[in-house]
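Letters A, B, ... mirror the listed sequences (proteins, then strands); counts begin at 1.
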Protein chains: 2
Amino acid sequence: MDDEVALDAEPDPTPGTVDLAALSQMTGYALRRAQMWLFRDLKARFKAHDISLAQFSVLYVVDINPGLAQARVAEALAIERARLVLMLDRLEERGLLVRSRSKADRRSHALHLTPAGRDLLSTLLDLQAEHEKRITTLLGRDGRADIIRLLAPFQD
Amino acid sequence: MDDEVALDAEPDPTPGTVDLAALSQMTGYALRRAQMWLFRDLKARFKAHDISLAQFSVLYVVDINPGLAQARVAEALAIERARLVLMLDRLEERGLLVRSRSKADRRSHALHLTPAGRDLLSTLLDLQAEHEKRITTLLGRDGRADIIRLLAPFQD
DNA sequence: TATTGTTATACTCTATAACTATA
DNA sequence: TATAGTTATAGAGTATAACAATA
């Protein structure tokens with residue numbers, strides 16, 4: 001629009017590198033960047049199986065807690081239960097998981113993995129182990145354990 | 001793994017608590033939950049000012065690097081440049097930031113905070129400091145420093 | 001009345017692709 | 001040709017609200 005340079009003079013239009021200054025020292029920002037790194041790595045490993053990290057966590061928790069109701073999965077993983085409905089539709093369409101009416105409480109659906117779901121989960125857990133190994137290589141065994149321990153107060 | 005396919009028979013419909021087992025020991029999951037905790041805390045502090053964490057990081061980086069081009073901001077903060085356009089529209093509408101044509105390269109826009117933008121950023125930085133203090137209270141000064149140090153290899 | 005699963009809406013964010021104006 | 005800003009679209013994800021069936 002207007003070519004006029006507002007405010008004050010332009011001392012340094014575009015430096016070679018961007019100064020992030022204190023931003024890198026803010027815990028939340030460091031956490032976000034680290035999470036982006038880890039998620040990118042693990043997502044790439046899961047890509048051939050067309051499984052998101054959220055889907056992986058659902059398959060895992062249902063496998064460990066067979067017969068679990070949707071609302072329990074949602075609250076355990078901090079996924080909105082309305083969102084979970086769509087996720088389960090997808091997993092059920094793919095034949096990885098089944099919903100069945102609970103006899104104890106006819107409002108709720110009991111969730112179970114199918115044999116195909118268990119097979120896929122087993123593969124995903126192998127890929128997750130390789131991913132974790134890469135993290136351990138970068139941090140050392142103690143460093144990785146330290147992170148888990150330090151983040152414990154924030155696990156809700 | 002032995003599994004009598006328990007699709008019809010219901011061995012344990014809904015236990016009292018959901019077992020997350022190894023999920024809590026996966027680095028990425030621990031990171032995600034911790035980030036949710038921190039973001040929830042900081043977002044609540046920013047809520048009265050109607051500023052998202054992404055907007056905060058843009059205001060901060062432009063303040064430190066006046067005259068920065070959009071593409072530089074986008075790559076420094078790992079925000080898609082298409083997404084940044086909408087974010088800057090919003091910040092400009094609110095009078096917190098201005099785009100002006102760069103004379104060096106007429107394709108790019110030089111970004112500057114307005115006085116109102118600098119005022120707001122100053123307030124946000126105070127809130128961020130209180131947030132960081134809460135983290136330090138929970139982790140100890142060393143614990144907080146340890147996290148930043150341990151996550152350094154993943155800051156891209 | 002409260003909860004479970006569901007549908008719906010709005011907004012944010014990620015990931016692309018394509019277009020324009022400059023370089 | 002390549003880059004900067006922009007527009008557009010599709011798909012996740014977040015945040016709510018409301019509704020029917022059931023408790």
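- The separation between Asp105(B) atom CG and dT20(C) atom P is 19 Å, rounded to whole Å.
- Using a 4.0 Å heavy-atom cutoff across all strands shown, Arg90(A) reaches sugar-phosphate atoms only and no base atom.
- Between Arg32(B) and dG13(D), a side-chain N or O to OP1/OP2 separation shorter than 4.0 Å is absent.
- Note: CG (Leu68(B)) to C1' (dG5(D)) measures 14 Å, nearest angstrom.
- Atom-to-atom, CE of Met87(B) to P of dC11(C) comes out at 17 Å; the value is rounded to the nearest Å.
- Where Ala54(B) and Val85(A) each meet DNA chain C at their nearest nucleotide, the meeting point lying more 5' is that of Val85(A).
- Between Leu84(B) atom CG and dG5(D) atom P there is a gap of 8 Å when expressed in whole angstrom units.
- The existence of a salt bridge linking Asp142(A) and Arg149(A) is excluded, since no basic side-chain nitrogen approaches an acidic carboxylate oxygen closer than 4.0 Å.
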- Task: Determine, stepwise, if the pair Leu77(A) / Leu23(B) fulfils side chain to side chain contact (heavy atoms under 4.5 Å, CB included).
- Result: CA-CA 10 Å; Leu77(A) 296 176; Leu23(B) 199 56; 3.6 Å; yes
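- Looking at heavy atoms from C-beta onward, Glu75(B) lies out of side-chain contact with Arg81(B) at the 4.5 angstrom threshold.
- Among the atoms of the strands shown, only primed sugar atoms or phosphate atoms (P, OP1, OP2) are found under 4.0 Å from some heavy atom of Gln70(A).
- Each of Ala82(A) and Ser52(A) was matched to the nucleotide of DNA chain D holding its nearest heavy atom; the match closer to the 5' end belongs to Ser52(A).
- As rounded to whole Å, 8 Å separates atom P of dT6(D) from atom CG of Leu88(B).
- Counting any heavy atom pair closer than 4.0 Å across all strands shown, Arg81(B) reaches a base atom.
- Looking at which nucleotide of DNA chain C each of Asp89(A) and Glu80(B) is closest to, the 5′-most match is held by Asp89(A).
- The nearest whole Å value for the distance from the CZ atom in Phe46(A) to the P atom in dA12(D) is 17 Å.
- Looking at Arg40(A) and Asp156(B), a side-chain N of the basic residue comes within less than 4.0 Å of a carboxylate O on the acidic one, giving a salt bridge.
- Look at Asp126(B) and Arg45(B) and you find no salt bridge, because none of the NZ, NE, NH1 or NH2 atoms lies under 4.0 Å from a carboxylate O.
- Between the CG atom of Leu86(B) and the P atom of dC13(C) there is a distance of 10 Å, given to the nearest Å.
- With rounding to whole Å, Lys103(B) atom NZ is found 16 Å from dT22(C) atom P.
- Look at Lys43(B) and you'll find a side-chain N or O under 4.0 angstrom from OP1 or OP2 of dA15(D).
- Within the nucleic acid shown, Arg83(A) comes within 4.0 Å of at least one base atom, counting heavy atoms only.
- Comparing Leu53(A) and Arg107(A) against DNA chain D, the residue whose closest nucleotide sits nearer the 5' end is Leu53(A).
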